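The structure appears below as structure tokens.
From a predicted model like this one, the values you see are computed outputs, not experimental measurements.
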Amino acid sequence: MPTAPGATARPAAGRPARAHLADLLVPWFDAAARDLPWRAPDVDPWAVLVSEVMLQQTPVARVLPAYAAWLDRWPTPGALAADSPGEAVRLWGNLGYPRRALRLHASAVAVVERHAGSLPTTVQELLALPGVGDYTARAVAAFAYGQRVPVVDTNVRRVVARAVEGQAGAPVTRRDLALVESLLPEEPARAARASIALMELGALICTARAPRCPDCPVQRECAWLAAGRPAPSTPARRSQTWTGTDRQARGRLLQVLRDDAGPVEPERLDRAWEEPVQRQRALAGLVHDGLLVRGADGRYALPG
DNA sequence: GATCCGTGGTA
DNA sequence: TTACCAAGGAT
């Protein structure tokens, strides 16, 4: 249950407020956290990795069914490694960024070849897996193995930028890792709990667009709130228009392959994206990325 | 560091 | 409707 307002001692005079954050965050998390399958106490480390890769730039609601289907079909790295990368791309469905499916498959192969089929446990070894970067490696180390490592994603960056630094936006630097580590309790399991609580706070309360400060467990410690919730000093860059981009073309083309059981005729792809120069460029890119292959007969297929 | 890489929900 | 946004990674 959350700590009642007023029942928690304020930090001693002169003590940095940030040292106090975890004490407020963890009880809040215990009461308010979403019940997500990859947070189950007995969840397999491989399942945690699958969830983390799927959650890269993808909302929880869309990951939930894909996560269940994926682990039902491939409960272990060995099971995935024994299947084709094309099947991984197919089951990836509409999650977006399908190269993640390819890299997850490649990670499964690497785990079988280099780690006897068991996901490695150190950040360094996890970082060596394809598609696993700074965030994902530390997320697995903390959430699957209970290690005391800073986990810095977009939620944590935003929470720390506001609550600790008092800014609406903060630069992405290596300093973030050291700063977040300074927020973590010493005991590893509690540190991991604090890490997931930081992320959850960013996802549920300290959101990008309309933060719910009145519901925030650290509102009394928040530098951004104390400063009157100042707007970002640097305006956000304009995002690329979507219609007509190579990304849209690639998505349309790959969708044809996903939704069909076998190789498809080039004419099918002509209809999926009519502009020939861009279509060719997109197809070449997909082939280059290993997301599809072109047979000797000119038909395209997912990689076998 | 800037750019590319999908998809769909939301205000 | 447009623009932003959602647990990043690779180049």
Side-chain angles (χ1 to χ4, degrees), chain A residues 29 33-34 36-39 47-67 89 92-104 106-107 126-144 149-160 168-169 171-174 176-177 180 192 195-204 206-211 232 234-259 272-273 281-282 284-286 288-292:
Chain A
F29 178 81
R34 294 166 291 179
L36 301 173
W38 44 86
R39 291 177 179 168
V48 173
L49 177 63
V50 170
S51 76
E52 292 300 342
V53 173
M54 287 185 169
L55 286 163
Q56 291 168 6
Q57 302 288 286
T58 307
V60 166
R62 206 183 318 164
V63 167
L64 284 168
Y67 170 85
V89 172
W92 196 255
N94 67 346
L95 285 183
Y97 294 145
R99 291 188 293 191
R100 291 181 293 168
L102 228 41
R103 288 173 179 146
L104 199 46
S107 280
L126 290 163
L127 274 173
L129 298 174
V132 176
D134 275 331
Y135 162 74
T136 302
R138 288 173 171 79
V140 172
F143 307 146
V149 293
V151 182
V152 181
D153 74 331
T154 184
N155 287 307
V156 173
R157 273 192 292 271
R158 185 173 59 249
V159 169
V160 169
V172 180
T173 67
R174 179 168 281 103
D176 290 335
L177 278 180
V180 171
S195 291
I196 191 63
L198 265 175
M199 289 177 57
E200 192 76 340
L201 186 74
L204 297 184
C206 194
T207 55
R209 219 175 309 203
T234 59
R237 293 183 60 256
R238 290 183 57 80
S239 60
Q240 179 190 29
T241 58
W242 171 252
T243 304
T245 59
D246 282 10
R247 290 160 83 171
Q248 186 187 31
R250 288 167 56 111
R252 289 272 180 80
L253 293 165
L254 197 60
Q255 182 179 27
V256 174
L257 275 292
R258 277 202 312 267
D259 295 347
W273 196 264
R281 183 169 68 238
L286 289 167
H288 176 267
D289 291 345
L291 283 165
L292 57 80

Applying side-chain contact (heavy atoms from CB on, under 4.5 Å) to A:Asn94 and not counting sequence neighbours gives A:Arg62
note: A:Leu102, atom CG; C:dG8, atom P; distance rounded to Å ~ 20 Å
Check the distance between C:dA6's P and A:Leu36's CG and give it to me in whole angstrom. 16 Å
Going by the rule ring-ring contact (aromatic ring centres under 6.0 Å, His included), which residues pair with A:Tyr67 if we only count those two or more places apart in sequence or in a different chain? A:Trp38
B:dG6 versus C:dT11 - spacing of their P atoms, nearest Å: 14 Å
Which part of the nucleic acid, if any, lies within contact of A:Val132, taking any heavy atom under 4.0 Å across all strands shown: a base, the sugar-phosphate backbone alone, or nothing? sugar-phosphate
Strictly below 4.0 Å, N to O, side chains only: are A:Arg138 and A:Asp134 in salt-bridge contact? yes
Span that lies between the C1' atom of B:dG1 and that of C:dA6, in whole angstrom: 23 Å
Is it the case that A:Tyr135 and A:Gln56 place a side-chain donor and acceptor less than 3.5 Å from each other? no
Taking the P atom in each of C:dA7 and B:dC4, what is the distance between them to the nearest angstrom? 23 Å
Touch check for A:Ser51, heavy atoms < 4.0 angstrom, all strands: base, sugar-phosphate only, or nothing? nothing
Just the rounded figure in Å: distance from C1' of C:dG8 to CG of A:Leu129. 15 Å
Quick one: on DNA chain C, does A:Gly131 or A:Phe143 contact a more 5' nucleotide (nearest heavy atom)? A:Phe143
Checking all strands, does A:Thr136 fall into the base, sugar-phosphate, or nothing category for heavy-atom contacts under 4.0 angstrom? sugar-phosphate
Please report, rounded to the nearest Å, how far the C1' atom of C:dG8 is from the CG atom of A:Leu49. 13 Å
Students often get this wrong, so: under 4.0 angstrom with heavy atoms, is A:Arg39 touching a base, only sugar-phosphate, or nothing? base
With A:Asp153, which residues qualify under side-chain hydrogen bond (donor to acceptor under 3.5 Å, both in side chains), at least two apart? A:Asn155
Identify whether any heavy atom of A:Trp92 sits under 4.0 Å from a base atom; if not, whether one sits that close to sugar-phosphate; answer base, sugar-phosphate or nothing. nothing
Touch class at under 4.0 angstrom, heavy-atom based, for A:Ala203 against every strand present: sugar-phosphate
Could you tell me the separation between the CE atom of A:Met54 and the CG atom of A:Leu104, rounded to the nearest 0.5 Å? 7.0 Å
Name the pairs: protein N/O against N/O of nucleotides 6-10 of chain B, kept only if under 3.5 Å.
from: B:dG6; atom 1: OP2; to: A:Arg250; atom 2: NE; distance (Å): 2.4
from: B:dG6; atom 1: OP2; to: A:Arg250; atom 2: NH2; distance (Å): 3.3
from: B:dG6; atom 1: O4'; to: A:Tyr97; atom 2: N; distance (Å): 2.9
from: B:dG6; atom 1: N7; to: A:Tyr97; atom 2: OH; distance (Å): 3.2
from: B:dG6; atom 1: N7; to: A:Arg247; atom 2: NH2; distance (Å): 3.1
from: B:dG6; atom 1: O6; to: A:Tyr97; atom 2: OH; distance (Å): 3.0
from: B:dG6; atom 1: N1; to: A:Gln57; atom 2: O; distance (Å): 3.2
from: B:dG6; atom 1: N2; to: A:Gln57; atom 2: O; distance (Å): 3.2
from: B:dG6; atom 1: N2; to: A:Thr58; atom 2: OG1; distance (Å): 3.2
from: B:dG6; atom 1: N2; to: A:Leu95; atom 2: O; distance (Å): 3.0
from: B:dT7; atom 1: OP1; to: A:Arg258; atom 2: NH1; distance (Å): 3.4
from: B:dT7; atom 1: OP1; to: A:Arg258; atom 2: NH2; distance (Å): 3.4
from: B:dT7; atom 1: O2; to: A:Arg62; atom 2: NH1; distance (Å): 2.9
from: B:dT7; atom 1: O2; to: A:Arg62; atom 2: NH2; distance (Å): 3.0
from: B:dG8; atom 1: OP1; to: A:Asn94; atom 2: ND2; distance (Å): 3.1
from: B:dG8; atom 1: O4'; to: A:Arg62; atom 2: NH2; distance (Å): 3.3

Kindly write out the residues that satisfy side-chain hydrogen bond (donor to acceptor under 3.5 Å, both in side chains) with A:Arg252, not counting sequence neighbours, or none if the list is empty. none
Nearest whole Å is fine: how far is C:dG9 C1' from A:Leu55 CG? 15 Å
Indicate, with a heavy-atom threshold strictly under 4.0 Å, whether A:Ala139 touches base, sugar-phosphate, or nothing. nothing
Using a 4.0 Å heavy-atom cut-off, does A:Leu127 contact any base of the nucleic acid, only the sugar-phosphate backbone, or nothing at all? nothing
Identify, with sequence neighbours excluded, every residue that meets side-chain hydrogen bond (donor to acceptor under 3.5 Å, both in side chains) alongside A:Thr58. A:Arg100
From CD of A:Glu200 over to P of C:dA6, roughly how many Å is that when rounded to an integer? 14 Å
